[in-house]
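Notes to accompany the following structure.
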Amino acid sequence: KFTVKSDFAGVVTGPKNKVHSFGTAPVFVEFDTSLSFDADGSVVASTLDVGVAGAPVSTATKSNFTYTTSGSFTVRVTVVDNRGGNQTGNLTFRVNGAPKANFSIVGAASGRAPFVVTLDASASYDDNGVVSYVWD
């Protein structure tokens with residue numbers, strides 16, 4: 001029996017059934033699989049899949065990856081012991097996209113001073129919902 005452990009620098013791991021959110025793309029993540037162990041032998045190899053199609057699979061104990069797009073990603077670490085047994089651990093997290101600010105003028109766009117302009121930003125959006133609007 002052996003255990004897979006992953007350390008995401010600056011990122012809290014577990015619980016396994018929760019999707020964690022980690023900032024707005026691009027997000028730089030460091031991976032460290034050196035905490036993996038085999039209780040009755042030794043870990044002889046590990047692979048790390050960062051969960052992005054086309055990204056290389058790493059066999060290094062420590063590696064990093066920059067997530068350049070928003071979305072949910074499942075990182076998969078597989079370790080192999082000295083008897084050929086293997087075990088895989090997963091962690092899913094979300095990288096947020098940048099908020100999008102959209103606004104329009106409601107009503108007349110010009111007139112005599114003093115003139116009141118009404119702006120509508122309800123078409124603005126964010127992956128986690130818009131919290132506030134600030135006008136300058």
Side-chain angles (χ1 to χ4, degrees):
K1 175 184 180 208
F2 60 99
T3 302
V4 176
K5 290 189 178 179
S6 301
D7 178 26
F8 294 73
V11 174
V12 177
T13 60
K16 291 182 180 182
N17 295 328
K18 180 176 191 254
V19 176
H20 303 277
S21 288
F22 301 123
T24 302
V27 174
F28 176 81
V29 181
E30 294 176 311
F31 303 98
D32 182 348
T33 61
S34 66
L35 298 175
S36 298
F37 65 92
D38 183 0
D40 62 356
S42 61
V43 172
V44 296
S46 67
T47 59
L48 175 95
D49 180 344
V50 296
V52 175
V57 173
S58 174
T59 58
T61 302
K62 295 184 180 188
S63 59
N64 60 66
F65 188 77
T66 301
Y67 293 86
T68 59
T69 60
S70 62
S72 291
F73 303 95
T74 299
V75 177
R76 181 180 309 263
V77 177
T78 302
V79 295
V80 179
D81 71 6
N82 57 313
R83 295 186 192 131
N86 65 68
Q87 187 176 21
T88 299
N90 299 315
L91 177 69
T92 300
F93 67 94
R94 177 161 184 72
V95 174
N96 298 320
K100 306 291 186 230
N102 294 310
F103 70 93
S104 60
I105 298 172
V106 178
S110 63
R112 299 179 76 115
F115 182 71
V116 175
V117 177
T118 302
L119 303 174
D120 177 4
S122 62
S124 299
Y125 62 93
D126 181 71
D127 291 345
N128 296 314
V130 175
V131 176
S132 65
Y133 299 90
V134 177
W135 298 95
D136 184 13

Same cluster for [X] and [Y] if Ile/Leu/Val/Met/Phe/Trp/Tyr side chains link at under 4.5 Å?
X	Y	result
Y125	V134	no
V131	W135	no
V106	F103	no
Y67	V57	no

Smallest separation among heavy atoms of [X] and [Y], with atom names:
X	Y	answer
P26	T66	CB-CG2, 3.9 Å
S70	A25	N-CB, 4.1 Å
F65	A55	CE1-CB, 3.8 Å
N82	G41	OD1-CA, 3.4 Å
G97	D126	O-OD1, 3.9 Å
A60	S46	O-OG, 4.4 Å

- Query: For L48, which of V75, V79, T78 qualifies under side chain to side chain contact (heavy atoms under 4.5 Å, CB included)?
  - Reply: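 Single side chain to side chain contact (heavy atoms under 4.5 Å, CB included) partner of L48 among V75, V79, T78: V75.
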Let me confirm one number: the [atom1]-[atom2] distance from [X] to [Y], rounded to the nearest 0.5 Å.
X	Y	atom1	atom2	answer
D32	T61	CG	OG1	7.5 Å
N90	R76	CG	CZ	4.5 Å
L119	I105	CG	CD1	6.0 Å

- Are V27 and V29 close enough, and set up right, to give a side-chain contact (heavy atoms from CB on, under 4.5 Å), and what steps lead you there? CA-CA 6 Å; V27 174; V29 181; 3.8 Å; yes
- Task: Could you go through the side-chain contact (heavy atoms from CB on, under 4.5 Å) check for Q87 and D38 one step at a time?
- Result: CA-CA 10 Å; Q87 187 176 21; D38 183 0; over 6 Å; no
- Task: Take S58 and F31, measure what side-chain contact (heavy atoms from CB on, under 4.5 Å) needs, and give me the verdict at the end.
- Result: CA-CA 10 Å; S58 174; F31 303 98; over 6 Å; no
- Task: If the plane angle is over 60° it's perpendicular, under 30° parallel, otherwise tilted; pick one for F93 and F73.
- Result: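 Plane angle between 30° and 60°, so tilted.
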